[in-house]
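Encoded as structure tokens, the structure appears first; notes follow it.
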Amino acid sequence: MHRYRTHTCGALRESDIGKDVRLAGWCHRIRDHGGLLFIDLRDHYGLAQVVADPESPVFKLAETLRSEWVVRIDGKVRRRPAGTENPDLPTGAIEVFVTGIEVLGSAGELPMPVFGEQEYPEDIRLRYRFLDLRRDRLHGNIMKRGAIIDSIRHRMKAQGFFEFQTPILTASSPEGARDYLVPSRIHPGKFYALPQAPQQFKQLIMVSGFDRYFQIAPCFRDEDARADRSPGEFYQLDVEMSFVTQEDVFEAVEPVLRGVFEEFAGGKPVTPKFPLIAYADSMRQYGTDKPDLRNPIKMQDVTAHFRGSGFKIFANMIDGDSAVEVWAIPAPTGGNRAFCDRMNSWAQSEGQPGLGYIFWREGEEGGAGPVAKNVGPERTTAMREQLGLKVGDAAFFVAGKPKDFVKFAGPARNKVGAELGLVAKDRFDFCWIVDFPMFEWNEEDKKIDFSHNPFSMPNMDVEKFLKLDAGDQEKILSIKAIQYDIVCNGIELSSGAIRNHRPEVMKKAFAIAGYPEDMLEQKFGGMLHALSLGAPPHGGIAPGIDRIVMLLCGEENLREVVLFPMNQRAEDLLMGAPSEVTPKQLRELHIRLNLPEKT
RNA sequence: GGGGGCGUAGCUCAGUUGGUUAGAGCGCUGCCCUGUCACGGCAGAGGCCGAGGGUUCGAGUCCCUUCGCUCCCGCCA
């Protein structure tokens with residue numbers, strides 16, 4: 001007989017009745033009836049009921065077992081007495097009558113029980129992550145994560161992609177997020193940086209002639225956390241391809257994501273063909289570049305209806321500045337004062353002066369509410385018709401410069417959809433967001449900046465692009481990059497681009513954003529040289545693995561799908577990271593601490 | 001860096017207008033219990049009410065400060 005087990009805890013069935021078996025696992029739950037004792041023995045695979053009574057030679061020992069002790073159990077499989085089967089358990093028809101026990105690992109009092117579904121404070125869960133990971137839900141999430149990554153690998157390889165590894169210790173790059181730095185012992189005063197993404201490496205792999213790259217790549221960014229953004233580190237499905245257009249990337253990646261989602265969504269519908277939405281349209285209709293398409297509400301421009309109207313607040317704003325617009329958020333079925341007032345209060349709690357609205361109800365088909373009173377029934381009805389609304393519906397209005405109010409309009413659209421129950425549940429609604437602006441105006445520094453990724457190819461005739469000068473500011477700001485995002489249920493899953501593989505175009509792009517050529521040479525010299533010595537056109541994308549798993553596990557927080565996550569302050573409470581190091585270590589690295597003064 | 005929420009037993013929470021000895025469930029300890037699977041019953045231990053200061057005859061409760069956790073803004077090519 002094996003030293004520890006002949007079967008796993010989830011394996012035994014009626015066909016095993018009569019066998020002498022050996023099991024090992026954790027005491028999940030103990031029910032002591034005095035003369036009869038049940039232990040649910042748990043391992044990775046399942047649960048088995050172990051039973052002892054005074055006829056068992058180890059009954060006395062069995063009575064001393066406690067929750068989460070790790071034990072080896074010897075016993076005989078027998079059929080449970082009629083009426084005591086547990087149909088909820090795969091092993092529920094049988095039980096193991098115990099004849100031998102060996103305690104393999106005892107446990108003191110637990111800071112949190114493994115049994116049950118009770119919620120626990122995050123710091124305790126993180127400090128005792130190994131206990132939390134024993135629990136069903138987290139254990140299942142992590143296993144599902146592994147299966148998802150497995151599926152992604154298979155699907156990528158089936159499409160002719162090959163997996164590569166890229167360096168973890170690399171060089172700091174000036175754009176983007178804050179880097180994690182690693183001091184060099186051999187080169188005093190110099191630092192490695194952990195990669196924010198293997199962006200340059202994957203491009204170099206294409207320049208090296210490998211054609212189709214992918215990697216489940218760790219990425220490191222020293223930025224503050226969010227529920228859907230791990231502090232410190234996360235994983236991307238990093239993809240790059242040579243000789244491709246945007247459409248080729250879509251055709252390679254979309255089936256992988258759709259396939260993975262269909263495989264793991266548990267029957268929830270997945271968008272069969274991801275629609276393309278231009279960045280500008282997404283901002284106008286949804287107030288965000290990551291729209292939740294489960295919410296059917298689309299905003300519309302209703303500026304014309306308010307221009308010169310009796311609603312003086314809006315009318316005067318429109319006359320005063322040609323950039324001012326009024327957008328309507330249609331609210332089907334929201335046509336009652338209670339709802340509209342609730343939205344208004346919500347807007348105020350969000351720091352807005354209020355939220356104008358019109359609602360239509362029986363007897364007041366011309367519109368009700370203070371806005372309608374001032375605008376008059378003709379304009380009100382015209383708006384209702386434009387918005388495709390009917391009696392019983394409402395519309396909310398936001399006014400100002402769109403780039404200022406979208407930060408509020410987007411959430412307001414979400415709020416209306418959620419409050420009125422218009423948002424479809426249990427589905428995965430994907431889209432591509434395309435045509436991102438290449439540059440944007442930085443109001444603070446009064447200069448042109450890269451809008452998103454400086455390595456993207458501008459979607460413009462190369463010769464014309466190279467001839468641009470400072471006087472073409474308007475034209476420059478209208479340039480689109482060949483860049484795209486995948487969004488699912490309002491979560492940005494990935495971002496990608498056709499890269500700028502021509503050194504002269506890249507130099508020009510950086511010059512437009514105010515970066516001198518010698519800086520470009522200094523920071524991206526390796527990349528530039530690579531592009532100068534025979535670089536293929538190439539492009540790619542990088543879906544966030546953690547977010548994909550989060551969506552497929554139905555979790556709202558990344559920490560529920562990561563084995564050993566850090567807390568929001570980027571601390572690992574289990575391992576005690578970050579930690580102080582010895583003076584000797586610092587000396588070797590030529591580092592002297594200059595700590596902030598404590599107040 | 002800024003804003004919101006939370007902080008009472010190991011855990012989840014209740015705690016009246018500021019008023020005697022701060023409670024419940026789970027967990028833990030002991031005793032009882034031969035068919036449970038959220039087993040049941042009895043008894044018990046366990047509290048710097050996050051910390052510090054203030055108001056008051058009296059503070060878990062009111063005020064100020066601070067710390068921790070969390071969500072958001074900034075930030076995230």
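Order of the sequence lines sets the chain letters (A, B, ...), proteins ahead of strands, with each chain counted from 1.
- The partner of B:rC6 is B:rG68, by the rule that a Watson-Crick or G-U pair needs both atom distances under 3.5 Å.
- Note: CG (A:D289) to C1' (B:rC76) measures 12 Å, nearest angstrom.
- Scanning atom types as modelled, one donor and one acceptor separated by under 3.5 angstrom connect the side chain of A:E95 and the base of B:rG35.
- Among the heavy atoms of the strands lying under 4.0 Å from A:R226 is at least one base atom, whether or not backbone atoms are also near.
- Considering only heavy atoms from C-beta on, A:M112 comes within 4.5 Å of A:D132 through its side chain.
- In this structure, of B:rC71, B:rG35, B:rG74, it is B:rG74 that holds the atom nearest to the side chain of A:K407.
- Going from the P atom of B:rC62 to that of B:rA24 covers 24 Å, rounded to whole Å.
- Donor-acceptor pairing under 3.5 Å is recorded for the side chains of A:D485 and A:S495.
- Looking only at side-chain heavy atoms (C-beta outward), A:K508 and A:E517 stay at 4.5 Å or farther from each other.
- Using a 4.0 Å heavy-atom cutoff across all strands shown, A:R559 reaches sugar-phosphate atoms only and no base atom.
- A straight line from CD of A:E556 to P of B:rC71 spans 11 Å, rounded to a whole angstrom.
- Judged by Watson-Crick or G-U wobble contacts below 3.5 Å, the nucleotide B:rG44 has B:rC28 as its partner.
- Within 6.0 Å of CD on A:E521 lie more than 12 heavy atoms contributed by other residues, nucleotides or ligands.
- No hydrogens or angles were tested; on distance alone, a donor-acceptor pair under 3.5 Å links the side chain of A:R78 to the base of B:rG35.
- The shortest distance between the side-chain N/O atoms of A:R569 and the OP1/OP2 oxygens of B:rC69 is below 4.0 Å.
- Across all strands shown, B:rG60 remains unpaired; no Watson-Crick or G-U wobble contact has both distances below 3.5 Å.
- Atom CZ in A:R125 sits roughly 11 Å away from atom P in B:rU70 (whole-Å rounding).
- B:rG53 and B:rG60: their P atoms are spaced 14 Å apart (whole Å).
- Within the 4.0 angstrom heavy-atom criterion, no nucleotide atom of any strand lies near A:R547.
- Nearest-nucleotide positions on RNA chain B place A:E55 closer to the 5' end than the other of A:Q199 and A:E55.
- A 4.5 Å side-chain heavy-atom check between A:L468 and A:I479 finds at least one atom pair inside the cut-off.
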Under 4.0 Å protein heavy-atom contact, by nucleotide of nucleotides 37-43 of chain B - B base, S sugar-phosphate only:
BSB----
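- Here the separation of B:rU34 from B:rU21, taken at their C1' atoms, is 42 Å to the nearest Å.
- Contact annotation: the side chain of A:P411 approaches that of A:W346 to within less than 4.5 Å [non-hydrogen atoms, C-beta and beyond].
- A:L558 has its CG atom 15 Å from the C1' atom of B:rU70, to the nearest Å.
- Checked against B:rU29, B:rC71, B:rC76, the side chain of A:Q568 finds its nearest nucleotide in B:rC71.
- Going from atom CG of A:D228 over to atom P of B:rU70 covers 15 Å, rounded to whole Å.
- Distance CD (A:E223) to C1' (B:rC76): 5 Å, rounded to an integer number of Å.
- Looking at heavy-atom distances under 4.0 Å, A:L47 makes no contact with the nucleic acid at all.
- Rounded to whole Å, the separation between the C1' atoms of B:rG40 and B:rG4 comes to 45 Å.
- Spacing of C1' atoms, B:rC72 relative to B:rG25, comes out at 33 Å, to the nearest Å.
- For the pair A:E63 CD and B:rC33 P, the interatomic distance rounds to 10 Å; values are reported in whole Å.
- Side chain of A:N557, nearest nucleotide from B:rC71, B:rU34, B:rG74: B:rC71.
- At a threshold of 4.0 Å, the pair A:K447-A:D449 counts as salt-bridged, since one of the basic side-chain nitrogens sits closer than that to a carboxylate oxygen.
- For B:rU17 and B:rC11, the P atoms lie 28 Å apart once the distance is rounded to whole Å.
- Nucleic acid contact class of A:Y120 (heavy atoms, under 4.0 Å, all strands): sugar-phosphate only.
- Rounded to a whole Å, the CZ atom of A:R221 is 10 Å from the P atom of B:rC76.
- With no hydrogens or angles considered, no side-chain donor-acceptor pair links A:Q49 and A:N86 at under 3.5 Å.
- Heavy-atom neighbours of A:Y45 OH from other residues, nucleotides or ligands within 6.0 Å: at or below the threshold of 12.
- Checking B:rG1 for Watson-Crick or G-U wobble geometry (two distances, each under 3.5 Å) identifies B:rC73 as its partner.
- A donor-acceptor contact under 3.5 Å is formed by the side chain of A:D224 with the base of B:rG74.
- Side-chain contact between A:F465 and A:N459 is absent, with no heavy atoms from C-beta onward closer than 4.5 Å.
- Across the P atoms, B:rG15 and B:rU55 are found 28 Å apart, a figure rounded to whole Å.
- At the phosphate of B:rC75, neither OP1 nor OP2 sits under 4.0 Å from any side-chain N or O atom of A:R229.
- Distance noted for atom C1' between B:rC33 and B:rU70: 44 Å (whole Å).
- Within 4.0 Å of A:P111, counting heavy atoms only, lie sugar-phosphate atoms of the nucleic acid but no base atom.
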